[in-house]
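Below: one structure, written as structure tokens.
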Amino acid sequence: MACSTQNASPTIQTVSIPYSDLQNKNADLSTKIEAGLGPNGLGIISISKVPGFSSLRHNLLHLSPRLAHLPEEVKTTLEDPDSRYNFGWSHGKEKLESGKPDTLKGSFYANPILDTPTTDSSLIQRYPSYCQTNIWPGDALPELEPAFKALGKLMLDVGLMLAYHCDQYALKWMTIGDDEGLEQILLRSRCHKGRLLYYFPAQRSDCAQDAGNISSWCGWHTDHGSLTGLTCGMFMRDGEEIPCPDSAAGLYIKTRNDKILKAVFGEDEIAYQIGETTEVLSRGRLCATPHCVRAPKGEKAFGVERLTFALFMQPDWDESLKFPGEVHLHQELIMPNETLTFGEYSEKLLDKYYHLK
């Protein structure tokens with residue numbers, strides 16, 4: 001449910017492109033690409049009227065609470081500490097902005113395209129967060145695997161169409177080799193990762209807590225991949241889908257001039273956010289923006305669950321990234337003019353966010 005009523009921060013509708021326009025490789029979408037994803041955009045764009053999307057979204061998101069409420073002994077078998085919990089079930093393993101473990105939400109990670117990205121044991125050992133094999137709950141929740149793969153594959157296909165038009169926009173400013181564009185990088189990648197999220201229902205004592213904290217459900221961050229596909233969050237109470245209980249809850253974005261805006265898009269749309277890797281490779285023509293998620297608050301938020309799905313479209317682990325002379329992202333981790341593979345870059349970031357090394 002898109003919560004688009006008035007709240008303390010200004011609310012803005014994402015730039016939207018109809019799927020039929022996105023399909024047309026001869027269409028000039030550069031104006032919309034620039035408005036949504038360019039240097040002065042919000043770093044997010046939405047695609048409307050995607051055939052089959054609404055039913056696939058509904059099918060997968062409704063499995064999220066069932067997964068989260070599986071017996072603890074079953075969820076333990078779905079955990080993969082070797083991948084830093086980047087495959088299978090993860091709860092309380094990431095850090096919040098405060099440094100405390102994040103117990104507000106549970107996540108289930110899987111590659112929706114390849115169950116086994118590689119059988120090379122040295123790669124699995126070096127890049128476990130990308131190269132491990134998927135872990136599915138099997139008989140405990142047999143519907144999860146087909147639903148996860150179906151939605152993930154659709155969002156990847158639509159994202160690749162968007163990537164093609166991003167390349168056409170970037171070509172106006174820079175030279176891109178035949179195999180260097182965002183579309184080709186993502187087409188050959190084995191690294192795509194889906195994340196099914198379940199935000200646990202707030203207790204009464206939590207509903208007023210962090211009332212002024214805009215990042216109360218998910219802290220400020222910028223995605224480090226290429227393109228992140230997002231479904232609109234679904235809210236439920238006692239097994240029933242409900243409208244968003246607080247108009248101030250939802251996705252917030254920090255603009256280039258440090259304004260904070262609430263971004264909204266329809267439940268029948270797929271939103272795509274630019275990640276840091278695309279900003280690097282496009283030399284800043286396509287820009288990633290910090291964003292966070294605000295929890296609903298007040299009495300109406302009691303007992304409310306939030307369900308959503310994200311697809312992280314990212315380069316292959318051996319794709320080279322050439323960082324510019326002026327690095328404004330993760331300066332403590334990256335040297336100016338440094339070249340890292342995406343796998344090396346990702347491991348540096350994961351070391352920063354997890355306590356496991």
Side-chain angles (χ1 to χ4, degrees), residues 80-87 94 109-134 152 156 159-160 163-164 166-167 170 174-195 221-229 272-288 310-357:
D80 184 19
D82 289 343
S83 69
R84 295 190 179 91
Y85 300 92
N86 270 250
F87 280 91
E94 293 184 64
Y109 295 94
N111 184 327
I113 311 304
L114 297 169
D115 274 319
T116 304
T118 181
T119 56
D120 186 326
S121 58
S122 63
L123 286 172
I124 294 170
Q125 186 173 1
R126 184 172 184 186
Y127 301 127
S129 58
Y130 297 122
C131 297
Q132 296 277 66
T133 297
N134 284 336
L156 175 63
L160 288 170
Y164 168 83
C166 286
D167 287 337
M174 58 189 290
T175 301
I176 302 175
D178 290 342
D179 64 343
E180 294 176 350
L182 180 61
E183 181 191 25
Q184 290 303 313
I185 287 173
L186 296 177
L187 264 173
R188 61 178 175 258
S189 176
R190 296 162 286 178
C191 273
H192 307 306
K193 185 71 66 72
R195 182 185 189 185
H221 68 285
T222 306
D223 295 341
H224 79 272
S226 297
L227 206 57
T228 301
Y272 290 89
Q273 288 184 283
I274 289 292
E276 294 171 345
T277 303
T278 294
E279 180 167 336
V280 169
L281 296 179
S282 70
R283 296 296 185 262
R285 291 297 173 181
L286 297 163
C287 293
L311 177 69
F312 301 103
M313 302 172 63
Q314 42 209 8
D316 203 79
W317 52 79
D318 60 4
E319 192 80 46
S320 290
L321 307 179
K322 297 176 182 176
F323 290 90
E326 291 186 19
V327 177
H328 65 281
L329 303 169
H330 307 296
Q331 292 171 323
E332 74 283 9
L333 303 178
I334 299 160
M335 299 294 291
N337 297 310
E338 185 174 13
T339 297
L340 296 171
T341 65
F342 181 71
E344 292 167 340
Y345 174 54
S346 299
E347 291 301 289
K348 285 192 174 195
L349 292 180
L350 285 170
D351 285 345
K352 180 179 176 180
Y353 288 112
Y354 288 83
H355 279 303
L356 303 179
K357 271 201 172 181

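Side chains included, hydrogens not; waters and symmetry mates left out as well; all remaining heavy atoms used. What you are looking at is a predicted structure, and each value in this text was computed from that prediction instead of being measured.
- Atom CG of Leu321 is separated from atom OG1 of Thr339 by 8.5 Å, given to the nearest 0.5 angstrom.
- Distance CG/Asp80 to CD/Gln132: 4.5 Å, rounded to 0.5 Å.
- Under the 4.5 Å side-chain criterion, counting only non-hydrogen atoms from C-beta, Glu332 is not in contact with Lys348.
- The structure places CD1 of Ile185 at 12.0 Å from SG of Cys191, a figure rounded to the nearest 0.5 Å.
- Under the 4.5 Å side-chain criterion, counting only non-hydrogen atoms from C-beta, Asp179 is in contact with Arg188.
- For the pair Met313/Tyr272, a side-chain contact is recorded, criterion being any heavy-atom separation below 4.5 Å from C-beta on.
- Contact annotation: the side chain of Leu156 never approaches that of Pro112 to less than 4.5 Å [non-hydrogen atoms, C-beta and beyond].
- Lys193 contributes a side-chain N or O that, together with a main-chain N or O of Ser129, makes up a donor-acceptor pair within less than 3.5 Å.
- Between Tyr127 and Thr118 the shortest side-chain heavy-atom distance does not fall below 4.5 Å.
- Between Leu227 and Ile274, the closest side-chain pair of non-hydrogen atoms falls below 4.5 Å.
- One N or O on the side chain of Asp167 and one on the backbone of Glu183 form a donor-acceptor pair closer than 3.5 Å.
- The side-chain heavy atoms of Tyr345 and Val280, taken from C-beta on, include no pair separated by under 4.5 Å.
- Separation of atoms CZ (Arg190) and CG (Asp318) is listed at 5.5 Å; rounding is to 0.5 Å.
- Note that CD of Glu344 is 12.5 Å distant from CD of Glu319, once rounded to the nearest 0.5 Å.
- Here the closest heavy-atom approach between residue Tyr130 and residue Pro117 is recorded as O-CG, 3.4 Å.
- Of the possible donor and acceptor atoms, one in the side chain of Ser189 sits under 3.5 Å from a partner among the backbone N and O of Gln314.
- Residues Ser226 and Leu182 come closest through the heavy atom pair CB-CD1, 3.7 Å.
- Remark: the Asn134 side chain and the Asp115 side chain contain an N/O donor-acceptor pair separated by less than 3.5 Å.
- In this pair, Phe342 and His224 present their aromatic rings parallel. The plane angle is below 30°, not in the 30 to 60° band.
- Here the straight-line distance linking atom CG of Asp316 with atom CG of Leu186 works out to 10.5 Å at 0.5 Å rounding.
- Glu276 and Ala288 make their closest contact through N-CB, 3.9 Å (heavy atoms, listed as atom of the first residue, atom of the second, distance).
- Scanning all heavy atoms of the two residues, the minimum distance from Gly152 to Leu311 falls at O-CD2, 3.5 Å.
- Asp82 contributes no side-chain N or O that, together with a main-chain N or O of Pro128, makes up a donor-acceptor pair within less than 3.5 Å.
- Looking at heavy atoms from C-beta onward, Leu281 lies out of side-chain contact with Glu180 at the 4.5 angstrom threshold.
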